[in-house]
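One structure below.
Values in this document were obtained by computation on a predicted structure and should not be read as measured data. Each chain gets a letter, A, B and so on, in the order the sequences are listed, and its residues count up from 1.
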2 protein chains.
Amino acid sequence: MTDGTSRAVTLSDVAEAAGVSISTASKALNDRNDVAASTKARVRAIAEQLSFTPNVMARGLLAGRTGTVGLLTSDLEGRFMIPILMGAEDAFGEGRVNVFLCDARGDAIREQHHLRELLSRRVDGIIVVGRQTDPRRSLGQSLPVPVVYAYAPSDDPRDVSLTPDNVAGGRLAVEHLIACGRTRIAHISGDPSFSAARDRLAGAQTALADAGLEMVGEPMFSEWTEHWGRDAGAMLLRQHPEIDAIFCGSDQIARGVLDIARDLDRIVPDDLAVIGYDNWELLAENSRPGLTSIDANLQQLGRRAAELVFAAIDGNERAAGEQPMPVRLVIRGSTIARR
Amino acid sequence: MTDGTSRAVTLSDVAEAAGVSISTASKALNDRNDVAASTKARVRAIAEQLSFTPNVMARGLLAGRTGTVGLLTSDLEGRFMIPILMGAEDAFGEGRVNVFLCDARGDAIREQHHLRELLSRRVDGIIVVGRQTDPRRSLGQSLPVPVVYAYAPSDDPRDVSLTPDNVAGGRLAVEHLIACGRTRIAHISGDPSFSAARDRLAGAQTALADAGLEMVGEPMFSEWTEHWGRDAGAMLLRQHPEIDAIFCGSDQIARGVLDIARDLDRIVPDDLAVIGYDNWELLAENSRPGLTSIDANLQQLGRRAAELVFAAIDGNERAAGEQPMPVRLVIRGSTIARR
DNA sequence: CTGTTAGCGCATTCAC
DNA sequence: GTGAATGCGCTAACAG
C-alpha cells in the first residue's frame with residue numbers, strides 16, 4: 001500500500017517553492033499569456049517536480065461546475081450498462097469529465113438515496129440506465145441538472161430517453177431471413193411482459209406482412225434463457241417440421257435453439273436458419289455455427305446519451321421525448337453458410 | 001430533460017429564508033446541540049422545502065476528505081470487474097462514499113491519465129482492478145492516497161493485492177472429482193501464459209498426488225473459449241477413452257466439452273464428469289446438465305478491497321503483500337446426477 | 001508582467 | 001443560543 005499520509009501538494013506549495021505569488025503560479029499552470037515565459041517554465045518545472053495535481057473541487061467551487069456526471073443504473077449485474085458506460089466514457093473522453101457510478105439494484109429507495117448523493121456532489125448531469133426497454137418512473141422535472149435516460153425510457157415525455165429500436169430490430173431480423181430465401185419463419189422470445197419482446201415481434205410481423213408471408217405457428221413467449229430456447233425449439237420443430245427459420249428474441253434463446261436443432265439433426269443454416277438478438281459476443285461467436293444476431297449499438301447509445309447531457313449542460317439544446325436508436329445486423333454462420 | 005438552469009440552492013439561501021445566519025443554519029442542519037430546538041426545526045423545514053442539498057465539494061475543501069474512491073479498471077468489457085465493483089459498493093454502502101469509475105482499456109497511457117484525474121479529484125483511495133491474475137505494474141509508492149489491487153496483483157510486494165486463490169481452486173476442483181469417485185482425470189485449460197492457467201493446474205496436480213493419482217494425458221492449453229473446449233475435448237476423449245472426468249480451466253471451455261461429449265455420446269455425469277471454473281452463471285446454469293464450477297467469490301473480494309482502502313484511509317492499518325482470497329465449489333449436475 | 005484582493009459554499013472557532 | 005469572522009484551494013478581477 002502506498003503512503004497515505006503525505007498531504008497533497010497545493011498551489012501555494014508550488015508558488016512558495018517557485019518564489020512567486022499564488023495567482024502567478026495559477027496563471028502559469030493554466031497557460032495564460034499574461035505571465036513571463038521564463039517564470040511560466042519555472043513554475044511548471046516546480047509543479048512537475050512536486051507532482052502537483054490541482055484540486056478540482058476547489059476549482060469547481062468557483063466555476064460552479066464539477067466536471068462530473070452521475071451514472072445511475074439498475075443493471076450493474078446485467079450486460080446493458082457496460083457498453084453504455086463505455087460509450088459515455090468515450091464521449092466524455094479527454095474532456096476531463098469523470099463518471100460517478102451508482103447502482104440502485106432496482107430498488108427505488110436506493111435510487112432516491114443515490115440521486116441525493118449525486119446532487120450533493122453537484123454532478124453536472126445524470127444518465128439513468130435501466131435494464132429493460134419498458135418505461136420507468138421519471139426522476140422528475142425539478143432537478144437542477146439535466147437528465148438523460150438510456151435503454152429504459154422515462155415515463156414522462158418531457159424527459160429525453162434513448163432506447164434501442166426494437167421494432168426496427170425485429171423487422172431487420174426477419175428481412176434478413178427472407179433475403180436468405182426463408183419463407184416458413186417462426187418466433188421464440190422471452191417474457192411477454194417486456195416491451196422488448198412485444199416490439200421485436202411487431203417488427204417481425206411487419207416484415208412478414210410486407211413480404212406477403214405469415215408466421216409459422218404462434219409466437220412463443222416465456223423466459224430469456226437457453227433452457228426455454230431448447231424447450232420451445234423442440235416443440236416448434238416437432239409441431240411444424242416445415243419451419244426453415246427461427247427468429248429468437250435473445251441470443252440465449254437462440255443458443256438453446258441451435259443446441260436442440262443439433263439433437264434433432266437439423267442442419268444449421270442449410271436446413272434451418274437461426275437468428276438471435278443482442279449480439280452478445282460471448283454467446284454469438286462461440287456457438288456452432290456462429291450466431292447471426294441483432295446488435296443494439298449500445299456503445300453508440302451511451303455515447304449519444306453523454307453528448308445529450310453535454311449539450312444540455314453547456315448549450316441550451318433541450319431535446320425531449322423518446323428517441324429510438326438504430327440497430328444493426330451482424331451476420332454469422334447460423335443464417336448464411338460460410339464457404 | 002429536466003430543467004438544467006435553476007441554480008442549486010445553497011446554505012445561505014436556506015439561512016436567509018429562515019432568517020438566521022449561515023453558521024446557525026449550518027449547525028441546525030448538522031444537528032449540533034448548541035442551537036435552539038425551535039430554530040433547528042425551522043431551518044430544517046425550510047431546507048427540506050427548498051430541497052437543499054449540501055455541496056459536498058465545499059465541505060470536502062474544509063474536511064480534506066471527499067468521500068470518494070476511484071476504481072481504476074482495465075476490464076470494463078470483461079466480467080471480473082462487475083462483481084468486484086458490486087462488492088465494493090456494498091462495503092461503502094450507506095457510508096456516503098461514491099465511486100469514480102475509470103476504464104483504462106488496458107492502456108498504460110490512459111491509465112496514467114485517469115490516475116491523474118482521480119488524484120485531482122482528491123479521491124480518498126483507489127482500487128485497481130485487473131483482468132488477469134498475473135502481476136501488473138505498480139502505480140508506485142509515492143501516491144498521496146492508499147491503493148489496493150484487486151484480481152490482478154501489483155508487482156511490488158509493498159502494495160496490497162487481493163487475488164483469487166487459483167491453486168486452491170484447482171485443488172478443490174480435482175478433490176471434488178475424486179470425491180465423486182473419479183480416477184481418470186484430464187485437464188483442459190486456456191492460455192498458458194496466464195498464471196491463472198498454471199496455478200489451477202498446480203492445484204490440480206497437488207490434489208491428484210495426494211490421492212496417489214496421475215493426470216490422464218498432458219494438460220491441454222490454448223484459449224479460454226468454447227471452441228477450444230470442443231476441439232480439445234474431442235481430441236482427449238478420442239485418445240484416452242478411459243477418461244471419466246475433465247477439469248476445465250474456464251466455464252467456456254467446459255461448455256465446449258459438454259457440447260462435444262454429447263456429440264460423442266458420452267453421458268454427463270454418469271459416463272464423464274465435467275467441472276468448470278469461474279461460475280459464470282450465464283454459462284453454468286444454462287448448460288445441459290448444469291455445470292459444476294469454482295467460484296472466486298469476486299464480490300467478497302471487492303468488499304474486502306473496499307474495507308482495506310477504508311482501513312488505510314482512517315486508520316493506520318497498512319497491510320502489504322498479495323493476499324490469496326478463498327474460492328468455493330458450486331455443485332451442479334455435470335459432476336453429480338440430480339435425482 | 002506580477003501581486004493583492006475577493007469570493008465560490010461550507011464548517012468551525014470565538015465573541016456576544 | 002446566535003452570529004461575525006476565518007479559511008479550505010483555487011481563479012478572476014483588478015491594481016501596481
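- Look at CZ on A/Arg121: it is 18 Å from P on C/dG9, rounded to the nearest Å.
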Quiz item: What string of B, S and - do you get for nucleotides 10-16 of chain C 5' to 3' if you count protein non-hydrogen atoms under 4.0 Å?
Solution: BBB----

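- Inspection of the B/Ser138 and B/Asp156 side chains reveals no N or O donor paired with an N or O acceptor under 3.5 Å.
- Contact check, A/Thr39 against C/dC1: no side-chain N or O comes under 4.0 Å of OP1 or OP2.
- In this structure, CZ of A/Arg65 is placed 17 Å from C1' of D/dC10, rounded to the nearest angstrom.
- A/Met57 places its CE atom 15 Å from the P atom of C/dG9, with the value rounded to the nearest Å.
- Counting only heavy atoms from C-beta outward, the side chains of B/Val147 and B/Val128 approach each other to under 4.5 Å.
- Between B/Ile46 and the options B/Val14, B/Leu29, B/Val20, B/Asp13, a side-chain contact (heavy atoms from CB on, under 4.5 Å) holds for only B/Val14.
- A side-chain donor from one of A/Thr163 and A/Glu322 sits under 3.5 Å from a side-chain acceptor of the other.
- Using a 4.5 Å heavy-atom threshold, the side chains of A/Leu115 and A/Ile126 count as touching.
- For the residue pair B/Thr133 and B/Ser195, a side-chain donor N or O sits within less than 3.5 Å of a side-chain acceptor on the partner.
- Rounded to an integer number of Å, the gap from CG of B/Leu61 to P of C/dG7 is 17 Å.
- Distance A/Leu29 CG to D/dG9 C1': 13 Å, rounded to the nearest Å.
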